[in-house]
Amino acid sequence: MSRNSELKEIIARRVAKELKDGYMVNLGIGLPTLVANYLPEDVDVLFQSENGMLGLGPAPEEGFEDKDISNAGGQPVTIVPGGMYFDSSYSFGLIRGGHVDVTVLGALEVDEKANIANWMIPGKMVPGMGGAMDLLVGAKKVIVAMLHTAKDRPKILKVCHLPLTAVGAVNMIITELCVFEYIDGKLTLIELINDSKLEEVRTKTEAEFIVKL
Amino acid sequence: MSRNSELKEIIARRVAKELKDGYMVNLGIGLPTLVANYLPEDVDVLFQSENGMLGLGPAPEEGFEDKDISNAGGQPVTIVPGGMYFDSSYSFGLIRGGHVDVTVLGALEVDEKANIANWMIPGKMVPGMGGAMDLLVGAKKVIVAMLHTAKDRPKILKVCHLPLTAVGAVNMIITELCVFEYIDGKLTLIELINDSKLEEVRTKTEAEFIVKL
Amino acid sequence: MIKTISMNECVSLIKPGMSIMVGGFMAVGTPEHIVNALVKSDVKDLTLICTDTATECNGVGKMVVNKQFSKIIASHIGLNRETGRQLTTGETDVQLVPQGTLAERIRAGGTGLGGFLTPTGIGTIVEEGKQIIEVNDNKYILELPLRADVALIYGSIVDKAGNVFIQKTTRNFNSIMALAADLVIVEATKLVEVGEIDPHLVMVPSTLVDYIVDMTVLEVE
Amino acid sequence: MIKTISMNECVSLIKPGMSIMVGGFMAVGTPEHIVNALVKSDVKDLTLICTDTATECNGVGKMVVNKQFSKIIASHIGLNRETGRQLTTGETDVQLVPQGTLAERIRAGGTGLGGFLTPTGIGTIVEEGKQIIEVNDNKYILELPLRADVALIYGSIVDKAGNVFIQKTTRNFNSIMALAADLVIVEATKLVEVGEIDPHLVMVPSTLVDYIVDMTVLEVE
């Protein structure tokens, strides 16, 4: 396993602890998808896939793919017992309506005011926001799951520079070093993980934050 | 058959001629419901019932009622092959969205500007508008099917006196005497039925109208 | 997670002053057993959101007769004379809403919209006191979302996790009301194991349902 | 009424300058055979409304590569580099819309609403040039309805009258697009007799469908 994969696994394991029994959860593409692998045994959640299903199951074994069941990345998946299919307007009705208990997304930048930028880099990459803006605005709890820095540059900033995906939407940030929560609107360090040190978090974080370990 | 029932049958028969193959049709409660009985053999339409189905069939034989299939009056009905069930928001999506080709409703008053009043008499009767306001605004063609007068007083007026159900919404009025159509926004007599005479229509109609027989 | 509760527990959740949405259209698709239990409980001062008030002896109409509502939001009350009487005397605050607008307001309340523009009611008393917005030379009423403390919904087949299938024309307002209330209770005509309902036929996902009143058990009792 | 048409007839209905809505999500649930025929037809100057542009070799992505669109309205284009290239060079007018807003705009266009208020996009460039409306101290963007000349939709099972069942996650935008276009054409993977689809599983009513392209016949040819 590469060093990066190891770090991502650490993050995914920690995110999984935030998922409670009975939750509807939407996982973004990439790192967030890994979270499903680390769900505690006694916690039953239903994964929502914005392309049109609730009860997203694991990828099918090779040769058993059903081309009519896919996730939001277009990859073949399965549905668990007790799942449901729906159209895109119902899907985003669930999302915008606050029926998704937790969404886990990656980010390019997050800032002190819980703003997030994760959908474009002007002049370089304009993939589109897909369902991210709706998820950020609608989900009851937004967890950003990402590596703490990008090429050694902080991603948790005083103020986002990139075009925002949503304003004041983030509730929690989980990286390979620590867990931040926005408490009373203030970025607060609540946990160090993976034997990281406060000093390291300070060095790698541009944003000011309160410490409540 | 009472004299009134005979007149209503005459009206229903004439309305039925307005229904074309492939139409989605919503019939109001009362007289309009009779229209289904006079549909020409070669015309296939689907009746929409705003409480949640398309493909309303005839009333079931006694003893064969299914309490879970009813019309907008709460009476047991059947569904024809090729029908569909849906929820109330989809039902009114169809209605407001212009997917109902024809709706047939009764009225208390209709006027020269195609306004209609059929949902309340202040201080006397306030049943509520139910789905009438949506049907009037949404259906592609609105046919008012009613007796020409009420207790010998005209119902087709210069200006409606009662609280309106919709503004400028009516396309056609069919009574036991004649057929009116709004052509270029002008109330126009286009047909005399049941051996009625133009003079009789004039006497029993308060509104001014153009004659194009 | 066990969601099934007794009828007594269900009734105890409905407290004076609460707003309740009740599914059904002329009582077809109304959770009739829950309504009967609420009549018996005699809980008062409720706000009702329901498309109609049925008749004096059906559905929520029985609760109207029992004077349990201080406010009623409905599209049609014409077949229940008692509702009309309470409206006329002012005993009850009755607000009439076009049926399509009512459905859409509930859907908006359940799907996080701040409102919507509808042509329905333009030029009628329905537009009174509301913001009129013009788009492409057409006038629309800005209608606002509607939510309730509790939704009481009907289920033809419910699985033990709370997934709901509502058959034929019993569906009507039930599935959208389940989106728009803080607490959702379903009356299960039939209760089955998780996985027994075709995922295409689930009309309310289990995560939206807080409690199930299992009529198959209660009817045996 | 016979609604089945040949693929050639279908293609002849799509003319330069038209706007087309195409169902599918990353090409899952896209009427792929119709898209292939349109690539072959080489009809140009179309406006595409689709949630994404798939990849260069899938779904509507192939039409992007073939430069058939002068305008694209989508929520995501990131997995088709050619769309990104055309956006950057300005060859194609690409408008990005949040996916939930796109779905709701299509639904509004199909259900007669003049618009709706959504919190999605507030404080981002999505709100630029749009009316902001405040309701109960919350800010919302007024988003307007979206319609097209033609909707090309996918059907898993279609009956001969045009009722459509769309299975599993192939449904996505297909059923709402059928409400929002002047002409609706469905690609039928399987064609059955009227009455063979459970009325609970009909997702597009027959009266909305103008034409059926029957793939069971075409695949045999």
Side-chain angles (χ1 to χ4, degrees), chain A residues 29 49-54 56 66-79 83-98 113 115-117 119-120 122-138 160 162-169, chain D residues 23-29 51-55 58-59 74-80 83-84 87-88 94-108 110-111 118-127 139 154 156 166-177 179 189 203:
Chain A
I29 295 172
S49 193
E50 66 265 31
N51 57 310
M53 69 187 284
L54 183 61
L56 192 77
D66 178 342
K67 68 173 181 45
D68 287 351
I69 312 186
S70 69
N71 64 15
Q75 305 305 315
V77 289
T78 53
I79 187 167
M84 175 185 184
Y85 298 112
F86 35 71
D87 69 31
S88 296
S89 73
Y90 190 89
S91 182
F92 281 88
L94 289 176
I95 289 169
R96 219 181 24 239
K113 299 228 186 260
N115 298 323
I116 174 171
W119 77 282
M120 72 172 288
K124 202 167 163 187
M125 182 195 77
V126 191
M129 65 293 279
M133 287 191 179
D134 296 285
L135 279 160
L136 285 162
V137 162
C160 288
L162 293 170
L164 297 183
T165 317
V167 170
Chain D
F25 191 110
M26 281 307 294
V28 175
T51 189
D52 56 60
T53 53
T55 67
N58 269 308
S75 73
H76 198 267
I77 59 167
L79 298 174
N80 187 328
T83 317
L87 164 77
T88 308
V94 180
Q95 298 184 0
L96 292 166
V97 178
Q99 196 172 158
T101 298
L102 183 65
E104 205 62 22
R105 287 181 63 191
I106 293 168
R107 181 181 178 275
T111 62
T118 181
T120 303
I122 282 287
T124 75
I125 60 173
V126 166
E127 73 173 43
K139 282 184 183 175
Y154 175 80
S156 304
I166 316 160
Q167 75 174 354
K168 300 171 184 171
T169 59
T170 61
R171 182 171 183 183
N172 51 69
F173 281 76
N174 283 294
S175 44
I176 51 174
M177 285 175 170
L179 290 161
T189 304
M203 293 164 182

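Bear in mind the structure is a predicted one, so any value in this text is a computation, not a measurement. Chain letters run A, B, ... following the sequence lines, proteins first, then strands; residues in each count from 1.
Residue contact with chain D, scored on non-hydrogen atoms closer than 4.5 Å, is absent for A/Tyr90. For A/Ile95, no part lies under 4.5 angstrom from a heavy atom of chain D. Of the two parts of D/Ile122, only the backbone, made up of N, CA, C and O, holds a non-hydrogen atom closer than 4.5 Å to a non-hydrogen atom of chain A. Residue D/Val97 touches chain A through its backbone alone, counting heavy-atom pairs closer than 4.5 Å. With a 4.5 Å cut-off on non-hydrogen atoms, D/Thr170 touches chain A through its backbone and its side chain both. Of the two parts of A/Ser91, neither the backbone nor the side chain holds a non-hydrogen atom closer than 4.5 Å to a non-hydrogen atom of chain D. Heavy atoms closer than 4.5 Å to chain D are found in the side chain of A/Met120, but not in its backbone.
Each of D/Lys168, D/Met26, D/Gln167 has some count of heavy-atom pairs under 4.5 Å with chain A, and the biggest count is that of D/Lys168. Residue with the most contacts toward chain D among A/Asn115, A/Asp87, A/Thr165, A/Leu164: A/Asp87 (heavy-atom pairs, distance under 4.5 Å). Annotation: maximal heavy-atom pairing with chain A below 4.5 Å, among D/Gly29, D/Gly78, D/Gly100, occurs at D/Gly100. With chain A as partner, the option from D/Ile106, D/Thr124, D/Ile176 having the largest number of non-hydrogen pairs under 4.5 angstrom is D/Thr124. The candidate with the highest count of non-hydrogen atom pairs below 4.5 Å against chain D, out of A/Asp66, A/Leu136, A/Val77, is A/Asp66. Comparing A/Gly74, A/Ala166, A/Gly130 by how many heavy-atom pairs each has under 4.5 Å with chain D, the most go to A/Gly130. For chain D, the option among A/Asn71, A/Val137, A/Asp134 with the highest count of heavy-atom pairs below 4.5 Å is A/Asp134.
Contact of the A/Pro127 side chain with the D/His76 side chain is registered, since non-hydrogen atoms from C-beta on lie closer than 4.5 Å. Looking at heavy atoms from C-beta onward, A/Phe92 lies out of side-chain contact with D/Thr101 at the 4.5 angstrom threshold. D/Thr51 places a side-chain heavy atom less than 4.5 Å from the side chain of D/Leu102.
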| When you look at D/Tyr154 and D/Met177, which way does the side-chain contact (heavy atoms from CB on, under 4.5 Å) test go after all the steps? | CA-CA 11 Å; D/Tyr154 175 80; D/Met177 285 175 170; over 6 Å; no
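Not counting sequence neighbours, the partners of A/Ala72 by the side chain to side chain contact (heavy atoms under 4.5 Å, CB included) test are A/Ser49, A/Glu50, A/Asn51, D/Phe25.
Taking a cutoff of 4.0 Å between a charged side-chain nitrogen and a carboxylate oxygen, D/Glu104 and A/Arg96 qualify as a salt bridge.
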